[in-house]
Peer 1: 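A single structure is presented below for examination.
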Amino acid sequence: MKNKEYQAILQMAAELLGGAMHVVNAEGITIMYNEEMAELEKINVSDVQGKPFREAFASIPEEESTLYQALKHRKSIIKQQQTYLNVYGKEVTTVNSTVPIIVDDKVVAAMEVARDITGIRDMSNRLLDLQDSVNAKVDGKEEKKGISRYRFKDIIGDSRPFEELVARAGKASRNDVSVLIYGETGVGKELFAQSIHYDGLRKNKPFLAQNCAAIPESLLEGMLFGTVKGGFTGAEDRAGLFEQANGGTLLLDEISAMPIGIQGKLLRVLQEEYIRRVGGTRDIAVDVRIIATINEPAEKLMEEGRLRRDLYFRLGIVNLSIPPLRERKEDIPVLVSEFLKKYNERFGKEIWMVSDAARDKLYNYEYPGNVRELENIIMAAVSMADDEHVLQAEDIEMGSEYKGRTSGFRDFAANSSSLSEYLEGIEETVIRQQLLSNDGNVSKTAKELGMLRQNLQHKIKKYDI
């Protein structure tokens, strides 16, 4: 098979897999550089194709080049972050996997596939800078207006099991050990976490929160532990969340979404009480209380290999399990009363109560989105009310009623001009409902729907969700 045919096969494979790909021969000449890679690096294919890759990317020091490492040292580099300047001087951040291609013990080529994370990198840097500035204000005793800081007085519920849970959390606030909070989406896990901090021993120190499912693996380690200039291509000296939260509390939301390798590094930090920045050699002592959350049973997560058992025992010195709203419906009246008060004030309304029929309707719903969903239901009802003082059953719209109004579940003959339109309506409804139940978490929704995250993002854009 001729080289041209091999290149055509590689090109087709890259298109089918949807990947950005760069292949160089043993001399470092680019023999395949596809449109996806050109788009990612914001340059033209003609600037790279058929040319030495060192010429096209002269800003990358030779020993830091992953392609060079693969060609000269037979080194495979998997999912490494790189920040570099393209041929036009534009800064690009990617996650690259680069491997040598060896035939008869001879390196004949090197192949690299990449994913653009420039936007995500910029977002994470802005987040770290923002948190750093907020911490400076906290240390300087200046309150940051507009930021919610919840305490136990903000936790609503008078059922006995729930009151016992709040009391247990209150005891946890008076010590310094790690806490693991389990509960479905929408039950108020962060409310408990903030209360433990702001009513606790560290209330005058920073409280930082990071959703472990929201940041790619390639960036999460640097966000947690910080980076050292030169630690990887484009790295800068930057303090991570552990250093920023020193003396205070770090909430790690959805800890089971953290890659297993980083879970191991987190365990070491908890045991030894120091961190080492990515690419660094210096140990930095930290004093941080960890509160972690999970939204699936711990035993299930450990059996599926998503949560290290040793980390679970280290985090769960105090375990809090928050019941879903469907298991404490006796708390609905006091919750509704509080939400009416809150949204009357926000929307300038005077709704004093709900009718008996509306109350029954609220009791008979199962609340897949838990307390957050109940709050959204009351907020919507109050915002749409006129001058009435009592919410009626017809003023309250549940998730099942929303489904009923969506085109995909209407009568096909009466409302759809084609089968494809009908099926798209069903698809839109399913995606909307799944996103709602997952509190907008795209990664989790994509996994539950059995589709690629980028495909789900395309659908979200298509349906303007």
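Owing to the predicted nature of the structure, the values given are computational and were not obtained by experimental measurement. Both backbone and side-chain heavy atoms feed into the values below; hydrogens, waters and symmetry mates do not. Starting from 1, each residue takes its place in the sequence as its number.
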Peer 1: Testing the basics here: between Ile291 and Ala193, what is the closest heavy-atom pair and its distance to 0.1 Å?
Peer 2: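 So the two residues come closest at CD1-O, 3.6 Å.
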
Peer 1: Sequence neighbours left out, what pairs pass side chain to side chain donor-acceptor pair (under 3.5 Å) with at least one residue falling in residues 331-342?
Peer 2: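 Counting only pairs at least two positions apart or across chains, the side chain to side chain donor-acceptor pair (under 3.5 Å) contacts touching residues 331-342 are Ser159-Asp331, Arg328-Asp331, Lys342-Glu375.
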
Peer 1: Mind checking whether Phe225 and Phe242 have parallel, tilted or perpendicular rings, split at 30° and 60°?
Peer 2: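 Phe225 and Phe242: parallel rings.
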
Peer 1: List the atom of Pro259, the atom of Leu220, and the distance in Å for their closest heavy-atom pair.
Peer 2: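 In terms of heavy atoms, the two residues are closest at CD-CD2, 4.0 Å.
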
Peer 1: Does a side-chain heavy-atom distance below 4.5 Å link Phe207 with Leu250?
Peer 2: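 Side chain of Phe207 against side chain of Leu250, heavy atoms only: no contact under 4.5 Å found.
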
Peer 1: Go through the steps to decide whether Thr249 and Leu208 satisfy the test side chain to side chain contact (heavy atoms under 4.5 Å, CB included), and finish with yes or no.
Peer 2: CA-CA 6 Å; Thr249 302; Leu208 302 184; over 6 Å; no

Peer 1: I'd like to know if the side chain of Asn441 and the backbone of Ser443 have a donor-acceptor N/O pair within less than 3.5 Å.
Peer 2: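 Present.
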
Peer 1: Please check if the side chain of Asp199 supplies one atom and the backbone of Phe152 the other of a donor-acceptor pair under 3.5 Å.
Peer 2: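 Checked: pair present.
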
Peer 1: Using side chain to side chain contact (heavy atoms under 4.5 Å, CB included) as the criterion, list what pairs up with Pro297, not counting sequence neighbours.
Peer 2: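 If we apply the side chain to side chain contact (heavy atoms under 4.5 Å, CB included) test to Pro297, skipping adjacent residues, the hits are Tyr182, Lys300.
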
Peer 1: How far does CD of Glu304 sit from CD of Glu299, to the nearest 0.5 angstrom?
Peer 2: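 The CD atom of Glu304 sits 11.0 Å away from the CD atom of Glu299.
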
Peer 1: If we ignore hydrogens and angles and just use 3.5 Å, is the side chain of Arg268 paired with the main-chain N or O of Gly264 as donor and acceptor?
Peer 2: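 Here the side-chain-to-backbone pair does not exist.
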
Peer 1: Classify the ring geometry between His389 and Trp352 as parallel (under 30°), tilted (30 to 60°) or perpendicular (over 60°).
Peer 2: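 Parallel, since the angle between the ring planes stays under 30°.
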
Peer 1: Ignoring hydrogens and geometry, is there a side-chain-to-backbone donor-acceptor pair from Thr227 to Asp237 under 3.5 Å?
Peer 2: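 Here the side-chain-to-backbone pair does not exist.
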
Peer 1: Report yes if the side chains of Leu251 and Gln194 come closer than 4.5 Å at any heavy-atom pair, otherwise no.
Peer 2: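 With C-beta onward as the side chain, the pair stays apart.
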
Peer 1: What heavy-atom pair brings Asn364 and Lys329 nearest, and what distance separates the two atoms?
Peer 2: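 What the structure gives for the nearest pair is C-NZ, 4.0 Å.
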
Peer 1: So, does Arg149 use its side chain to make a donor-acceptor pair with the main chain of Tyr198 at under 3.5 Å?
Peer 2: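 Pair absent, no side-chain N/O of Arg149 close to backbone of Tyr198.
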
Peer 1: Go through the steps for Ile196 and Leu320 under the test side chain to side chain contact (heavy atoms under 4.5 Å, CB included), then give the verdict.
Peer 2: CA-CA 11 Å; Ile196 290 170; Leu320 300 176; 3.9 Å; yes

Peer 1: Would Arg168 and Glu163 satisfy salt bridge (Lys or Arg N to Asp or Glu O under 4.0 Å), going step by step from the backbone distance to the final call?
Peer 2: CA-CA 9 Å; Arg168 178 173 169 79; Glu163 287 184 336; over 6 Å; no

Peer 1: State the CD1-CG distance between Ile460 and Leu456, to the nearest 0.5 angstrom.
Peer 2: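 Between Ile460 CD1 and Leu456 CG, I get 4.0 Å after rounding to 0.5 Å.
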
Peer 1: Considering non-hydrogen atoms only, spot the tightest contact between Ala393 and Ala358 and give its length.
Peer 2: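 Closest approach of Ala393 to Ala358, heavy atoms only: N-CB, 3.7 Å.
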
Peer 1: Of Arg238, Arg276, Arg277, which is the lone residue that meets salt bridge (charged side-chain N to carboxylate O under 4.0 Å, His left out) with Glu243?
Peer 2: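 It is Arg277; the other options fail the test.
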
Peer 1: Are Asn376 and Met379 packed together at the side-chain level, in the sense that at least one heavy-atom pair is separated by less than 4.5 angstrom?
Peer 2: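 Yes - at least one pair of side-chain heavy atoms lies under 4.5 Å apart.
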
Peer 1: When you check the gap from the basic side-chain N to the acidic O, do Glu184 and Arg326 get nearer than 4.0 Å?
Peer 2: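 Arg326 and Glu184: salt-bridged.
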
Peer 1: So, for Met258 and Cys212, which heavy atoms are closest and what is the spacing to 0.1 Å?
Peer 2: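 For Met258 and Cys212, the tightest heavy-atom pair comes out as CE-SG, 3.7 Å.
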
Peer 1: Can you confirm whether more than 12 heavy atoms, excluding those of Gln271, are under 6.0 Å from its CD atom?
Peer 2: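 More than 12 within 6.0 Å, yes.
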
Peer 1: Write down the atom of Ile332, the atom of Leu325, and the distance for their closest heavy-atom approach.
Peer 2: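 Closest approach of Ile332 to Leu325, heavy atoms only: CG1-CD1, 4.2 Å.
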
Peer 1: Decide, yes or no, whether a salt bridge links Lys361 with Asp395 under the criterion of side-chain N to carboxylate O below 4.0 Å.
Peer 2: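 No.
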
Peer 1: Does the distance from a Lys or Arg side-chain N to an Asp or Glu carboxylate O, for Glu296 and Arg306, drop under 4.0 Å?
Peer 2: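 A salt bridge links Glu296 with Arg306.
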
Peer 1: Does any part of the side chain of Ile156, heavy atoms only, come nearer than 4.5 Å to the side chain of Phe162, both counted from C-beta?
Peer 2: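 Phe162 does not reach Ile156 side chain to side chain.
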
Peer 1: Has Lys265 got more than 12 heavy atoms of other residues, nucleotides or ligands less than 6.0 Å from its NZ?
Peer 2: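 Check fails, neighbour count at 12 or below.
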
Peer 1: Measure the CD-CE distance between Glu112 and Met21 for me, rounded to the nearest 0.5 Å.
Peer 2: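 Between atom CD of Glu112 and atom CE of Met21 there are 10.5 Å.
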
Peer 1: Just do the side chain to side chain contact (heavy atoms under 4.5 Å, CB included) check on Ile255 and Leu266 with the steps written out, would you?
Peer 2: CA-CA 10 Å; Ile255 189 75; Leu266 173 62; 3.8 Å; yes

Peer 1: I need the Glu350 CD to Glu345 CD distance, nearest 0.5 Å.
Peer 2: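 Answer for the CD-CD pair, Glu350 versus Glu345, is 12.5 Å.
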
Peer 1: Within this structure, what is the CD1-CG distance for the pair Ile290 and Leu180, rounded to the nearest 0.5 Å?
Peer 2: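 It comes to 11.5 Å.
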
Peer 1: Do Pro333 and Tyr363 make a side-chain contact, defined as non-hydrogen atoms from C-beta onward lying under 4.5 Å apart?
Peer 2: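 Yes; the side chains approach each other to less than 4.5 Å.
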
Peer 1: Are the side chains of Pro206 and Gln244 in touch, meaning some heavy atoms are under 4.5 Å apart?
Peer 2: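 No. Closest side-chain heavy atoms not under 4.5 Å.
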
Peer 1: Can you check whether Ile396 reaches Tyr365 side chain to side chain, under 4.5 Å on heavy atoms?
Peer 2: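 No, side chains not in contact.
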
Peer 1: Between Arg151 and Asp154, does any NZ, NE, NH1 or NH2 come within less than 4.0 Å of an OD or OE carboxylate oxygen?
Peer 2: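 Looking at Arg151 together with Asp154, the answer is no, because their closest N to O distance does not fall below 4.0 Å.
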
Peer 1: For the backbone of Ile181 and the side chain of Lys189, can you confirm whether one donor and one acceptor N or O come within less than 3.5 Å of each other?
Peer 2: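 Pair absent, no side-chain N/O of Lys189 close to backbone of Ile181.
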
Peer 1: Which distance, rounded to the nearest 0.5 Å, do you find between the CG of Leu335 and the CD1 of Ile378?
Peer 2: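 Going from the CG atom of Leu335 to the CD1 atom of Ile378 covers 9.5 Å.
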
Peer 1: One pair to check against side chain to side chain donor-acceptor pair (under 3.5 Å): Arg289 and Asn175. What are the steps and the verdict?
Peer 2: CA-CA 10 Å; Arg289 181 183 198 171; Asn175 60 53; 3.2 Å; yes

Peer 1: Flag the pair Asp287 / Arg202 as yes when at least one side-chain heavy-atom distance between them is below 4.5 Å, and no otherwise.
Peer 2: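 In contact.
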
Peer 1: Between Tyr367 and Ile377, does the side chain to side chain contact (heavy atoms under 4.5 Å, CB included) criterion hold? Intermediate values first, please.
Peer 2: CA-CA 10 Å; Tyr367 298 99; Ile377 289 169; 4.0 Å; yes

Peer 1: Is the backbone of Ala213 close enough, under 3.5 Å, to the side chain of Asn211 for a donor and an acceptor to pair up by distance?
Peer 2: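 At least one qualifying donor-acceptor pair exists.
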
Peer 1: Examine distances only and state if a side-chain atom of Lys205 and a backbone atom of Asn246 form a donor-acceptor pair shorter than 3.5 Å.
Peer 2: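 A pair under 3.5 Å: no.
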
